[in-house]
Amino acid sequence: MKKIGFSIACSIISTSLLFAQAEMDAYRYSQTELSGSARSVAMGGAFGALGGDISVLNSNPAGLGVYQSSELSTTFNFMNNVSKADLNGLKTNDSRFTFSLDNIGAALSFNVGNKGNRLNFGFSYNKLFSFNNRYRVYGNNLHGSMLDYITQMTNRFNGGNGVPAGQLALMDEGSDPFASAPWLSVLAYNTFLMNPKSDTDNSHYTPALGPDERINNEAYIEEKGSISEYSFALGGSLLENHLYLGASFVLSDIDYRLETVYDEFFQGPGKRGFGLDNWFSTEGTGFNMKLGAIIRPINALRIGVAYHTPTWYSMTDYFDASMYPYNIETGEGGYAGNISTPANNYATYNFRTPDKWVVSAAGILGKSAIISADWEIVNYRHMNMDYAGSYVTNDYIEQDFRTASTLRVGAEIKITQQFSVRGGAAFRTSPMKTEVRDAVYSGNLDIPTAGTIPNFTVDKGSNTYTFGLGYRFNRHFYLDMACALMRYNYDYYNFSPLTPDADGVYVASDPASLKTYRTKVLCTFGYKF
C-alpha cells in the first residue's frame with residue numbers, strides 16, 4: 001500500500017488551505033479509554049455481560065436491567081501522566097498530574113409484575129477519554145528540516161506549478177495572501193525563511209539553509225481537555241431474569257486544546273533558525289445510541305452483546321499561529337521579524353465517529369468469585385469528515401485505517417461478605433494498518449495534516465493492567481478503589497515525510513519513539529436504596 005508522494009503533497013496543501021481537519025484529527029476524536037466506576041476499571045472494564053454497575057450505561061445498557069435495587073454513585077480520578085520521547089538516542093520525559101470527577105450516575109429500579117421482572121432507569125456522566133498530556137522532543141544533527149517540508153509543499157502546490165511570490169507577500173495596501181495561499185507558505189515566505197529559486201522562477205522556492213546543512217530542533221506539545229458522555233438509559237429483565245434488554249440515548253461533548261512550540265536551529269554559521277507556535281482548540285457536541293442484550297442461560301453464565309451507533313458531532317475549531325526567525329537576513333542589511341496568522345480564525349464542520357460492537361461473557365462462581373471478558377470491535381474506516389473537500393480526508397481514512405479490537409478481561413474474589421479484591425487487563429490493537437505505519441516510518445508515505453500544525457503521532461496500540469479493592473460497609477454504603485496502569489505507544493513526527501516528486505526531490509522526517517505511561521487511581525462512593 002503506497003501513495004504517490006507528488007499528488008499527496010498537493011492534497012496536503014489543499015487541506016491546509018481550507019483549514020479542515022485531517023485523518024489523524026478524526027482518530028483523535030474517536031478515541032476512548034478505560035473509564036467508569038472503580039469496580040469496573042479494577043476488573044479491566046470487562047462488565048458488558050455482568051451489569052449491576054453504573055458503568056454499563058456506556059458499554060452495554062442491558063446491564064441496567066440487572067439492578068435489583070436503586071443506586072447513586074460518584075467516582076473521582078487522580079491521574080498522573082508521564083511521557084517519554086526518544087529521537088535518535090536523545091531522550092526526554094515530562095509529566096502532568098490532574099484530578100477530576102470522572103463518573104457520576106444513578107439507577108432507579110422498579111419491580112414489574114409478580115415474576116421478579118424489573119424496569120430500571122439510569123443516568124450517568126462519564127469521561128470517555130482524557131487528552132491531558134504534555135511532552136518534549138529534542139533532536140540533534142538531523143537531515144530533515146521543517147523548512148524543507150514547507151518549501152516542497154509550496155513547490156508542489158497547484159499540480160507542481162507552485163505559488164507566485166505575489167500571492168504570498170504581505171503588503172500594506174490590503175493584500176491578504178492568507179485568503180488564497182497555504183498559510184505555512186505565507187508565514188515562511190514573509191519571514192524570509194524560504195525564497196524564490198531565481199529571478200526567472202518566482203513560483204518555486206528554496207529554504208534559507210544550505211542543501212547539506214543539518215539542524216537541531218526542540219518541540220513542546222501540551223494537550224488538554226476530554227471527551228465526555230451523558231447517558232439516559234432504560235433497561236429491564238424478562239423471562240424471570242434470564243433475559244436483560246437495554247437502550248441508552250447519549251449526548252457527547254468534546255473539549256480539546258493544543259499548544260505546540262517548535263524551534264529549529266541551523267548548524268551553519270550565524271546562529272540562524274526559526275520558531276513556529278500553534279494554538280488550537282476544538283469544541284464539539286454530538287449524540288449516539290447504544291442497544292444491548294444479556295442472556296443468562298444458566299445461573300453461572302451470562303452472555304452479552306451491545307451495539308453503539310456512530311456519534312454525530314457538530315464541531316468548531318479555533319486556531320492561531322506565529323512564526324519567528326532567528327538571525328535571518330532580509331537581503332537589505334536587516335533581519336526578518338515575526339509573522340502571525342489573522343486573528344479570530346475558526347472553522348465549522350460535521351464529524352462522524354465509527355460504530356462499535358461489544359461481545360461479552362461472564363462466569364458467576366457461586367457467591368465468591370466472578371470472571372468476565374469483553375471483546376470490542378471498531379472499524380475506524382467508518383470515520384467521516386463533512387466539509388468542503390472532505391472527500392480527500394475520507395479517502396485517506398479509508399486507505400490508512402482498519403478494524404481495531406480491544407480485549408478486556410477481569411476477575412473479582414470475595415474474601416468476606418464485605419471485602420473484595422479485583423484485577424484485570426485490557427489490550428488494544430492499533431487502528432492504523434501495519435503497512436501504513438511501516439511506510440510512514442520508512443519515509444515511503446505522506447500523511448496529510450491540517451492548517452499550520454504539521455506534527456502528528458501514529459498510534460501503535462496500548463496495554464492496561466488494573467487492580468482494586470471493594471468494601472461494603474452495610475447494605476447501603478460502599479467504597480471501591482482501583483488503580484489502572486496504562487501504556488500508550490506512538491511514533492511522533494514533527495512533520496510528515498514527503499516522498500519523491502516528479503523531479504525526485506523528497507523530504508526526510510526523523511520519527512521519535514513516544515511512550516505515555518498513565519496511572520489512574522479511582523475512588524467510587526456508592527449508596528444503594
Which residues pass the side-chain contact (heavy atoms from CB on, under 4.5 Å) test with R352, not counting sequence neighbours?
P310, W312, N384
Given side chains that start at C-beta, do those of D400 and E23 come closer than 4.5 Å, heavy atoms only?
yes
Can K84 and D86 be counted as an ion pair, charged N to O under 4.0 angstrom?
no
Between R408 and E376, does at least one N-O distance fall below 4.0 Å, as a salt bridge requires?
yes
In Å and rounded to the nearest 0.5 Å, what is the OG to CG distance from S322 to D277?
6.0 Å
4.5 Å side-chain heavy-atom contact, I370 and M43:
yes
For F99 together with F78, are the ring centres under 6.0 Å from each other?
yes
Do you know which of L469, T466, T519 makes side chain to side chain contact (heavy atoms under 4.5 Å, CB included) with C483?
T519
When rounded to the nearest 0.5 angstrom, what distance separates CD1 in I453 from CG in D25?
7.5 Å
Can you tell me if S509 uses its side chain to pair, donor with acceptor, with the backbone of Y493 under 3.5 Å?
no
Y313 vs F351 aromatic rings, parallel, tilted or perpendicular, using cut-offs 30° and 60°?
parallel
Give a yes or no on whether a salt bridge exists between D459 and R428, defined as a side-chain N under 4.0 angstrom from a carboxylate O.
yes
Under 6.0 Å between ring centres, would you say that holds for Y67 and F121?
no
Does D355 pair with K290 as a salt bridge, N-O distance under 4.0 Å?
no
Between Y318 and D320, do the side chains contain a donor N or O and an acceptor N or O under 3.5 Å apart?
no
Check for me whether R381 meets the cation-pi criterion with F401, that is, NZ or CZ under 6.0 Å from the six-membered ring centre and within 45 degrees of the ring axis.
no
Compare all side-chain heavy atoms of L301 with those of I364 and state whether any distance is below 4.5 angstrom.
no
Ring center gap for Y527 and F529 short of 6.0 angstrom
yes
Contact check, side chains of F456 and S496, non-hydrogen atoms, under 4.5 Å
yes
Is there side-chain contact between M486 and Y465, with at least one heavy-atom pair below 4.5 Å?
no
Check whether any side-chain heavy atom of E71 lies under 4.5 Å from a side-chain heavy atom of S73, and answer yes or no.
yes
Separation between OG of S237 and CG of N117, rounded to the nearest 0.5 Å:
4.5 Å
Check S35 against N126 and note the closest heavy-atom contact, atom names and distance.
OG-ND2, 3.2 Å
Cut-off 3.5 Å, side chains only: do S252 and Y230 have a donor facing an acceptor?
no
T92 and R136 side chains, donor-acceptor separation under 3.5 Å
no
Got a second to check how far L187's CG is from T452's OG1, nearest 0.5 Å?
7.0 Å
How about S95 and N80: does a side-chain donor come under 3.5 Å of a side-chain acceptor?
no
Distance only, no hydrogens: is a donor on one side chain within 3.5 Å (strictly under) of an acceptor on the other, for D253 and T285?
no
Hey, does V41 have a side-chain heavy atom less than 4.5 Å from the side chain of T75?
no
CA sep, side-chain torsions, deciding dist, call: W183, F178, ring pair (Phe, Tyr, Trp, His ring centres under 6.0 Å)
CA-CA 6 Å; W183 285 24; F178 290 107; 5.3 Å; yes
Are N133 and N81 linked by a side-chain donor-acceptor pair shorter than 3.5 Å?
yes
List the steps and the verdict of side chain to side chain donor-acceptor pair (under 3.5 Å) for Y349 and D317.
CA-CA 9 Å; Y349 57 97; D317 294 346; 3.2 Å; yes
Cation-pi check, K460 onto Y490 ring (under 6.0 Å, within 45° of axis)
no
Carboxylate-amine/guanidinium contact E33 R518, below 4.0 Å
yes
S37-S55 side chain donor-acceptor pair, cut-off 3.5 Å:
yes
How close do A49 and G304 get, counting heavy atoms only, and between which atoms?
CB-N, 3.9 Å
Is the shortest distance from a Lys or Arg side-chain nitrogen in K224 or E259 to a carboxylate oxygen in the other one below 4.0 Å?
no
Audit row: N120, S109, side chain to side chain donor-acceptor pair (under 3.5 Å) steps and yes/no:
CA-CA 4 Å; N120 301 333; S109 182; 2.7 Å; yes
Minimal heavy-atom distance between Q31 and R28, with the atoms involved, is NE2-O, 3.2 Å
Any non-hydrogen side-chain atom of Y492 less than 4.5 Å from a side-chain atom of P511?
no
Test: D480 and R422 ion pair at under 4.0 Å
yes
How far apart are the C-alpha atoms of Y256 and E223, what are their side-chain angles, what is the distance that settles it, and do they pass the side chain to side chain donor-acceptor pair (under 3.5 Å) test?
CA-CA 7 Å; Y256 177 74; E223 299 174 287; 2.7 Å; yes
Going from CD1 on I150 to OG on S185, what distance comes out if it is rounded to the nearest 0.5 angstrom?
7.5 Å
Does S59 offer a backbone N or O that forms a donor-acceptor pair with the side chain of H308 under 3.5 Å?
yes
Would you call E222 and R96 a salt bridge, taking side-chain N to carboxylate O under 4.0 Å as the test?
yes
When rounded to the nearest 0.5 angstrom, what is the spacing between OG in S226 and CG in N132?
7.5 Å
Apply ring-ring contact (aromatic ring centres under 6.0 Å, His included) to Y346 and list each qualifying residue two or more places apart in sequence or on a separate chain.
none
Whether the S83 and T516 side chains hold a donor-acceptor pair (N or O, under 3.5 Å, no angle test) is what I'd like checked.
yes
Establish, yes or no, whether a centroid distance under 6.0 Å links the rings of Y27 and Y380.
yes
